[in-house]
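For reference, the structure discussed in these notes is given below.
As a basis for the values below, the full set of heavy atoms in this structure was taken, side chains included, without hydrogen atoms, waters or symmetry mates.
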Amino acid sequence: MTAAAGGPVIGPTLAEWVKAREETLSHLMAGAPPVDETWVQHLADLLTTERSWQDQYTALIALGRAGGTFPSSRR
């Protein structure tokens, strides 16, 4: 499934999201308090990348739903 011809595909998008989560986890595990400004900035960058892939993935999933929207969380 693609968003548009030549657009993002669910499988690779999910793989990149999972990869970003693994990179974030690795960075978190490597940090030992106190952390420095560089470590915190790198974490911010990793989380932004992870969030971007997550948003892209959920947008692609939403294409197959009535109304084209992803459901709200019940949590």
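- If you take OG1 on T69 and CD1 on I61, they are separated by 13.0 Å, rounding to the nearest 0.5 Å.
- Note that CG of L47 is 7.0 Å distant from CG of L28, once rounded to the nearest 0.5 Å.
- Distance CG/L46 to NE2/H42: 4.0 Å, rounded to 0.5 Å.
- The two residues V9 and T13 come nearest to each other via the heavy atoms O-OG1, 2.6 Å.
- Between atom CZ of residue R21 and atom OG1 of residue T49 there is a gap of 14.0 Å, rounded to the nearest 0.5 Å.
- Under a 3.5 Å cut-off, the side chain of S52 and the backbone N or O of T48 do not form any donor-acceptor pair.
- One finds the CD atom of Q54 at 11.0 Å from the CG atom of L14 (value rounded to the nearest 0.5 Å).
- Note: the hydrophobic cluster containing V18 also contains Y57 (ILVMFWY, side chain heavy atoms under 4.5 Å, direct or indirect links).
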*Please test E23 against K19 for side-chain contact (heavy atoms from CB on, under 4.5 Å), starting from the C-alpha separation and ending with a verdict.*
CA-CA 6 Å; E23 289 173 357; K19 179 181 169 193; 3.3 Å; yes

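- Between L43 atom CG and E50 atom CD the span is 9.5 Å, to the nearest 0.5 Å.
- Using cut-offs of 30° and 60° for the angle between ring planes, the W39 and H27 rings count as parallel.
- Nearest heavy atoms, F70 versus A62: N-CB, 3.4 Å.
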